[in-house]
Amino acid sequence: HSFSDCFFFSVETLATVGYGVMSPATTYGHVVATCEIVTGMMSMAVITGLLFARFSKPTARVMFSKVAVITAYDGVPTLMLRVANQRRSYILEATASMVLARDVETSDGHSLRRFFDLRLERSRSPLFGLSWLIMHRIDAGSPLHGITEAALRTGDMALAITLSGTDETFAAAVHSRHSYTHE
């Protein structure tokens, strides 16, 4: 009925080992058992936390249209594509960005890959629930202005779209991306 007996009994009871008779007969045995119990419980808690954090991470589950189209909208040629939220919940404060990646010939004769930001008609949606039509007007300020269909095919161009927001259920950031080639 000493303090050490009560302490070791409580450790072994907490870990649900050796319930009933105190199995280690010496103080050294109790210390070794206590170290093993504490180490085991702590490592189990860490492993469980890491696995839970890995598998409970939300995914965006955003579906992008198979093709991006260029058509007239309000009399201006406009690049359009549709995205859809496949989740049962909203993506809050969703933001979209579109980048044109193309090879550009420098004055030195080198070919470099350059990225041009495309200004969107609406780059933010406070509640992304079902679908969203992402549009870029091809006006005089657009990097796509004056590019022909033949130039699209031979220019090794690609569109990269990224969408990010906050998952409503987990309050965690979700991201999705997609790219379109000239095809």
Side-chain angles (χ1 to χ4, degrees), residues 39-105 111-183:
T39 303
M41 289 178 70
M42 295 299 277
S43 61
M44 185 63 71
V46 169
I47 291 170
T48 303
L50 290 175
L51 287 174
F52 179 77
R54 173 67 182 129
F55 291 114
S56 68
K57 187 170 70 170
T59 56
R61 295 190 55 219
V62 173
M63 183 171 46
F64 292 84
S65 59
K66 291 187 194 303
V67 294
V69 298
I70 297 176
T71 188
Y73 180 76
D74 286 340
V76 178
T78 305
L79 172 68
M80 297 182 186
L81 60 103
R82 188 174 296 279
V83 293
N85 182 4
Q86 292 182 303
R87 304 174 56 81
R88 297 183 196 271
S89 60
Y90 289 106
I91 297 176
L92 305 175
E93 295 298 325
T95 57
S97 66
M98 188 182 310
V99 174
L100 172 68
R102 69 185 279 198
D103 293 333
V104 175
E105 196 77 25
S111 179
L112 295 175
R113 189 72 158 174
R114 298 286 181 172
F115 297 94
F116 300 93
D117 291 325
L118 301 181
R119 186 175 37 81
L120 301 178
E121 286 295 305
R122 186 171 56 107
S123 62
R124 181 183 157 275
S125 177
L127 294 171
F128 178 32
L130 296 174
S131 69
W132 183 1
L133 184 61
I134 296 176
M135 301 186 298
H136 166 71
R137 288 180 176 256
I138 304 174
D139 55 13
S142 170
L144 291 171
H145 185 69
I147 294 180
T148 63
E149 185 178 346
L152 281 174
R153 292 176 196 259
T154 60
D156 195 21
M157 296 181 203
L159 288 173
I161 292 84
T162 59
L163 195 137
S164 61
T166 303
D167 173 63
E168 176 183 47
T169 307
F170 291 101
V174 290
H175 307 279
S176 186
R177 63 179 168 78
H178 191 72
S179 61
Y180 295 93
T181 58
H182 71 275
E183 290 90 6

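Only heavy atoms go into these numbers, but all of them, side chains included; no hydrogens, no water, no symmetry mates.
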Going by the rule side-chain hydrogen bond (donor to acceptor under 3.5 Å, both in side chains), which residues pair with Y180 if we only count those two or more places apart in sequence or in a different chain? S65
With no hydrogens and no angle check, is any side-chain donor or acceptor of N85 less than 3.5 Å from a backbone partner on F128? yes
Taken to the nearest 0.5 Å, the spacing of R61 CZ from S176 OG works out to 11.5 Å
Look at the side chain of E121 and the backbone N and O of M135, then say whether any donor-acceptor pair between them is shorter than 3.5 Å. no
Closest approach of G129 to Y90 (non-hydrogen atoms, all atoms of both residues): CA-CD2, 3.4 Å
As an exercise, state the distance from CZ of R114 to CZ of R102, rounded to the nearest 0.5 Å. 11.5 Å
Is there side-chain contact between L144 and H136, with at least one heavy-atom pair below 4.5 Å? yes
Report the distance from atom CE of M98 to atom CG of L163, rounding to the nearest 0.5 Å. 11.0 Å
R119 side chain reached by D139 side chain, heavy atoms, under 4.5 Å: yes
Could you check whether any side-chain N or O of D167 sits under 3.5 Å from a backbone N or O of T169, counting only pairs where one atom can act as donor and the other as acceptor? yes
Between P143 and L100, the two heavy atoms sitting closest are CB-CD2, 4.1 Å
Do L92 and L127 touch side chain to side chain, with heavy atoms closer than 4.5 Å? yes
